[in-house]
Every structure is written in structure tokens, then in C-alpha cells.
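Atoms within each ligand, like the ligands themselves, are counted from 1 in listed order. Residue indices begin at 1 and follow the sequence shown. Keep in mind that what you see is a predicted model, and the values were worked out from it rather than measured.
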Amino acid sequence: MRITLGVTGGVAAYKAAELVRRLQQDAFTVQVVMTRGAREFITPLTFAALSGQKVITDLFAESSGEANLESAIEHIAVAQRTDLLLVAPATADILAKFARGIADDFLTTLYLASTAPVVVAPAMNVNMWNHAATQENVEMLRARGVKIVDPDEGYLACGVTGAGRLAGQEAIVAAVHEALRAVRDLAGEKVLVTAGPTRENVDPVRYLTNRSSGKMGYAVAEAAARRGAHVILVSGPTSLEAPVGVERVDVRSAEEMHRAVVEKVAECSIAIFAAAVADYRPADTNAQKIKRNNEAMSISLEPTPDILASVARNKGERLIVGFAAETDHVAENARKKLAAKNADLMVANDVTAEGAGFDHDTNIVTLFARDGRDLALPRMSKSEVAQHILDEVVRLRSTSRTAHRSAV
Ligand code: PMT
């Protein structure tokens with residue numbers, strides 16, 4: 001999971017360095033964003049060294065004297081990648097800007113651009129904290145769902161005692177976990193995901209397969225589990241580890257995948273078919289290794305069961321997501337598959353595009369929903385693609401439930 005840690009200008013900024021380490025212990029990837037004020041107290045280099053990531057400091061970073069477009073839109077990219085925005089320490093100034101929607105630097109712009117949960121740990125002089133303006137801003141943010149980790153009481157850097165000291169590290173980390181737990185919109189759902197290739201035996205040592213690594217399906221399984229679902233991952237042969245908390249069923253051939261899916265899908269409310277299932281298999285499998293000779297040879301192939309279509313035929317209330325691996329006429333073919341296979345959502349990828357499809361860590365997809373909504377996404381990590389797919393799943397589920405309720 002990715003946390004963006006906003007560090008603002010206060011004496012407690014140095015404590016944010018320790019916080020980076022603490023968050024990493026809980027397996028978070030931390031992207032640090034520093035305001036101009038923060039850089040008066042601590043250098044970006046410290047955070048870059050600790051986080052292993054470039055620290056973002058400016059909305060319009062200069063490159064050879066000219067503002068570059070890439071940095072100007074970076075806040076959108078960071079916003080899309082962020083699972084949670086944490087600001088620690090947060091000054092009175094940043095609270096006021098967040099509350100009033102002022103976007104005049106990277107952090108304030110990111111706050112507006114992001115839909116991720118926000119946790120804010122203020123630290124400031126006691127009078128500034130108690131001031132009606134600050135308290136009003138804090139209440140406004142709380143009302144909008146921002147989680148405020150109240151400052152501790154104690155001796156402050158300004159020489160007085162009172163509330164204003166940055167809350168303890170454990171209190172901040174606990175708030176982060178709590179905020180993330182709140183993003184569990186698939187809690188109570190059982191989700192079946194297929195992933196990886198299949199292998200169709202020709203003889204005991206040879207098989208037909210494809211280039212699927214399983215990364216796309218595993219990313220979907222992981223994201224669904226993080227969002228609270230019980231996930232059953234029916235996986236063809238891959239070198240990937242099952243994501244934490246996911247129930248994995250290993251299969252080899254299309255036939256085995258079909259059997260496993262039929263057995264498990266009855267208990268699932270959502271089924272997502274990311275596997276690259278062989279469409280054909282050898283009609284006859286040789287029991288012995290085929291011997292080489294100098295003659296040309298051919299292998300007769302027969303179609304495998306279309307797993308997705310067979311499940312979707314009797315889907316009832318179950319929501320069905322298919323993938324379309326295309327090399328041409330992507331939109332046209334994906335729409336045809338959506339209808340022909342009776343799916344609710346088709347995730348189309350042009351597997352010839354750079355950074356998309358088989359074995360890449362990224363993908364470029366367009367989502368075609370049964371209600372006519374198309375969503376073309378730029379290149380992004382397969383984890384981010386997975387989140388978009390699940391957002392669409394949640395949207396389709398809520399629209400079908402609303403329609404069902406109004407029909408009753
Ligand atoms: O695994 P990666 O390396 O990360 O690569 C990701 C991916 C390219 C495999 C993935 O993004 C993808 O496109 N998966 C679907 C591949 C595929 O088989 O597409 P298709 O257009 O041939 O099939 C359409 C749909 O029917 C798919 O959901 C497929 O799982 C399903 N199908 C196909 C044949 C079959 N016999 N049974 C099926 O269920």
C-alpha cells in the first residue's frame with residue numbers, strides 16, 4: 001500500500017523522518033511531499049534516503065530553467081497512486097488551506113485531487129491550536145471525513161506547556177490503519193478471480209501455453225482482499241506468491257480451471273476472469289513422448305470450454321467481469337465479447353501496446369460496462385488498474401441493487 005506523507009513546516013518535521021521508517025515496518029511504501037516551510041527545518045535528502053523515493057517539493061518543479069508539464073500534472077498521478085494521504089506534522093496554515101480548498105503548492109493541490117482517505121496530525125503552538133480559527137478549520141475537516149490525530153499535551157518548542165505537540169508515532173500509525181480499514185467496500189463479498197496461463201499437454205514433456213505471468217489477476221485478487229472481500233484465486237501455473245489472506249486454488253489446464261471455477265463460483269457474488277485460458281487444446285494427448293523424425297507433423301486441436309461464458313450463462317445476481325486480450329479493433333471486439341459472454345464489465349487491453357498486457361507490471365485498459373459507460377485509463381501499474389476495476393464493480397453492484405430495490 002502507498003502512503004503519501006505530507007511534511008509541513010514545524011519543529012516536529014524531524015519526527016516525520018522516524019515516521020517514514022515506522023510506516024515502512026508495516027510494509028507501506030512512503031512517498032514524501034514537503035512544503036516550502038518543511039524544507040526550512042529538514043532537507044529533502046533525509047526523506048529521499050529513508051523512503052528510497054524521490055521527494056516531491058514543488059508544484060512546478062524547474063527543469064533547466066523551464067517549468068515542465070510532467071511535474072505540473074504529477075499531483076494527479078500521485079493522487080491516483082495514493083492509498084492514503086497522511087500529513088504529519090500539520091501546521092495551522094495547512095489546516096486552513098485544506099479547510100478552505102486553497103491549492104497553491106503540491107501538497108494542497110494533491111489534497112484536492114486525491115480521493116484517498118486523509119489523516120492529519122497537527123503540531124503547533126498551544127495558542128495557535130486553541131485559536132477559534134484553527135478549531136473551526138479542524139471541525140470542518142473532521143466533518144468531511146478527515147481523521148485528525150489530536151496533538152499531545154506537553155512542553156512545546158516555543159517554551160510553553162499545553163496541547164500542540166505532535167501525537168506519538170504509534171497513535172499516528174494506528175490512525176492510518178483505522179482509516180485504511182474504513183476503505184473496505186467489498187467486505188462481506190466473496191470474489192472469485194482467475195489468473196495466469198493454462199498449459200495444455202501435447203505429450204508428457206510438451207504443452208501449449210501463452211505468455212501470461214498472472215500479474216494482472218494477482219493484482220485484482222490482492223486489491224479485492226484489501227478492500228475486505230474473501231478472495232478465491234484460481235491460478236494457472238505462475239511464479240507468483242498468493243497475496244496475503246487469499247485462498248488459492250492451483251490448476252494447470254483449461255479443463256482443470258473450468259472444474260475449479262464451477263466448484264467455487266456458486267459461493268461467490270463476484271467473478272473476475274483475468275486468466276489467459278487456452279482456447280484450444282490437443283484433441284489427443286500422447287501417453288509417450290512424441291519421437292522426432294524428419295516428417296512434417298500437425299497436431300489436431302479442439303476448443304476448450306469457455307469458462308467465463310459458461311458461468312455467465314446462469315449468473316443470476318452474480319457480477320461477472322471479463323478481460324479481452326486484443327491486438328486490433330480493441331473497442332469493437334471488447335464490446336462484442338461483453339455482449340456475447342453475458343458479462344457486466346469487460347476490461348480490454350491491447351496486448352501489443354508498449355507497457356500493456358502480458359508480463360508487464362503496467363497495463364493500459366479500457367473498461368466497458370454493461371450500462372454503456374466506457375472508461376479509458378492511461379498506462380498505470382496493474383495494482384492501480386485493479387483498483388479501477390473494483391471501483392467499477394462496486395458502482396455496478398450499487399446501481400443494480402438500487403434498480404432491484406425500486407422494482408420490489
Ligand atoms: O497475466 P499477465 O502477464 O499479467 O497478463 C495479463 C493478461 C494480458 C493475461 C490480462 O490482462 C488479460 O487480458 N486476460 C485475458 C486473456 C484472454 O484470454 O483474453 P480473451 O479475450 O481470449 O478471453 C476473453 C475472456 O474469456 C477472458 O476473461 C478469459 O479469461 C475468458 N476465457 C477465455 C477462454 C476460455 N476458454 N475461457 C475463458 O474463461
Side-chain angles (χ1 to χ4, degrees), residues 191-200 208-223 233-241 243 251-262 264-265 268 270-281 301-313 315 318-368 377 379-386 388-389 393:
V191 179
L192 182 138
V193 181
T194 69
T198 63
R199 290 181 183 168
E200 311 302 327
L208 301 178
T209 190
N210 58 62
R211 292 171 36 225
S212 170
S213 62
K215 287 177 187 171
M216 189 65 250
Y218 277 57
V220 172
E222 181 173 14
L233 174 62
V234 179
S235 173
T238 75
S239 57
L240 303 175
E241 300 234 341
V251 297
R252 194 169 188 282
S253 63
E255 187 59 47
E256 280 179 30
M257 187 172 275
H258 187 211
R259 257 188 270 125
V261 167
V262 168
K264 295 285 181 183
V265 81
C268 296
I270 297 163
I272 303 176
F273 295 85
V277 187
D279 285 315
Y280 293 92
R281 65 185 165 210
L301 302 177
E302 64 181 14
T304 55
D306 187 330
I307 306 170
L308 191 170
S310 73
V311 168
R313 216 170 286 131
K315 67 181 178 184
R318 193 170 301 118
L319 198 130
I320 305 286
V321 180
F323 273 70
E326 303 298 339
T327 55
D328 59 291
H329 300 93
V330 178
E332 194 185 324
N333 290 337
R335 282 200 192 95
K336 270 191 201 149
K337 280 183 186 167
L338 177 73
K341 292 182 187 251
N342 197 27
D344 298 289
L345 183 68
M346 195 54 72
V347 182
N349 39 191
D350 177 348
V351 292
T352 60
E354 200 170 314
F358 293 97
D359 204 23
H360 291 285
D361 291 329
T362 54
N363 208 351
I364 306 167
V365 305
T366 303
L367 310 184
F368 295 94
L377 298 170
R379 181 163 112 173
M380 58 182 67
S381 71
K382 285 184 172 167
S383 307
E384 290 165 271
V385 171
H388 283 283
I389 294 169
V393 163

pair Val251-Thr198: side-chain heavy atoms closer than 4.5 Å: no
Ignoring hydrogens and angles, state whether a donor on the side chain of Tyr218 or Ser213 is under 3.5 Å from an acceptor on the partner side chain. no
I'd like to know if the side chain of Lys315 reaches the main chain of Asn342, judged simply by a donor and an acceptor atom lying under 3.5 Å from each other, with no hydrogens or angles considered. yes
With sequence neighbours left out, what residues match Thr327 under side-chain hydrogen bond (donor to acceptor under 3.5 Å, both in side chains)? none
Salt-bridge test for Asp306 and Lys341: reply yes if a basic N is under 4.0 Å from a carboxylate O, no otherwise. yes
Quick check on ligand 1: any N or O pairs to the protein under 3.5 Å? One line per pair.
{"residue": "ligand 1", "atom": "1 (O)", "partner": "Ser212", "partner atom": "OG", "Å": "2.6"}
{"residue": "ligand 1", "atom": "1 (O)", "partner": "Ser213", "partner atom": "N", "Å": "3.3"}
{"residue": "ligand 1", "atom": "1 (O)", "partner": "Gly214", "partner atom": "N", "Å": "2.8"}
{"residue": "ligand 1", "atom": "3 (O)", "partner": "Ser213", "partner atom": "N", "Å": "2.7"}
{"residue": "ligand 1", "atom": "3 (O)", "partner": "Ser213", "partner atom": "OG", "Å": "2.6"}
{"residue": "ligand 1", "atom": "3 (O)", "partner": "Asp359", "partner atom": "N", "Å": "2.6"}
{"residue": "ligand 1", "atom": "4 (O)", "partner": "Ser213", "partner atom": "OG", "Å": "3.4"}
{"residue": "ligand 1", "atom": "4 (O)", "partner": "Lys215", "partner atom": "N", "Å": "3.3"}
{"residue": "ligand 1", "atom": "4 (O)", "partner": "Met216", "partner atom": "N", "Å": "2.8"}
{"residue": "ligand 1", "atom": "4 (O)", "partner": "Lys382", "partner atom": "NZ", "Å": "2.7"}
{"residue": "ligand 1", "atom": "11 (O)", "partner": "Asn349", "partner atom": "OD1", "Å": "2.6"}
{"residue": "ligand 1", "atom": "13 (O)", "partner": "Asn349", "partner atom": "OD1", "Å": "3.4"}
{"residue": "ligand 1", "atom": "13 (O)", "partner": "Asn349", "partner atom": "ND2", "Å": "3.0"}
{"residue": "ligand 1", "atom": "14 (N)", "partner": "Ala274", "partner atom": "O", "Å": "3.0"}
{"residue": "ligand 1", "atom": "19 (O)", "partner": "Ala325", "partner atom": "N", "Å": "3.4"}
{"residue": "ligand 1", "atom": "21 (O)", "partner": "Ala325", "partner atom": "N", "Å": "3.1"}
{"residue": "ligand 1", "atom": "21 (O)", "partner": "Lys337", "partner atom": "NZ", "Å": "2.5"}
{"residue": "ligand 1", "atom": "26 (O)", "partner": "Lys341", "partner atom": "NZ", "Å": "3.2"}
{"residue": "ligand 1", "atom": "28 (O)", "partner": "Phe273", "partner atom": "O", "Å": "2.7"}
{"residue": "ligand 1", "atom": "28 (O)", "partner": "Phe323", "partner atom": "N", "Å": "2.9"}
{"residue": "ligand 1", "atom": "28 (O)", "partner": "Phe323", "partner atom": "O", "Å": "3.2"}
{"residue": "ligand 1", "atom": "30 (O)", "partner": "Ala275", "partner atom": "O", "Å": "2.7"}
{"residue": "ligand 1", "atom": "36 (N)", "partner": "Thr304", "partner atom": "OG1", "Å": "3.3"}
{"residue": "ligand 1", "atom": "36 (N)", "partner": "Pro305", "partner atom": "O", "Å": "2.9"}
{"residue": "ligand 1", "atom": "37 (N)", "partner": "Ile307", "partner atom": "N", "Å": "3.1"}
{"residue": "ligand 1", "atom": "39 (O)", "partner": "Ile307", "partner atom": "N", "Å": "3.4"}
{"residue": "ligand 1", "atom": "39 (O)", "partner": "Leu308", "partner atom": "N", "Å": "2.9"}

Asn210 and Ser212 side chains, donor-acceptor separation under 3.5 Å: no
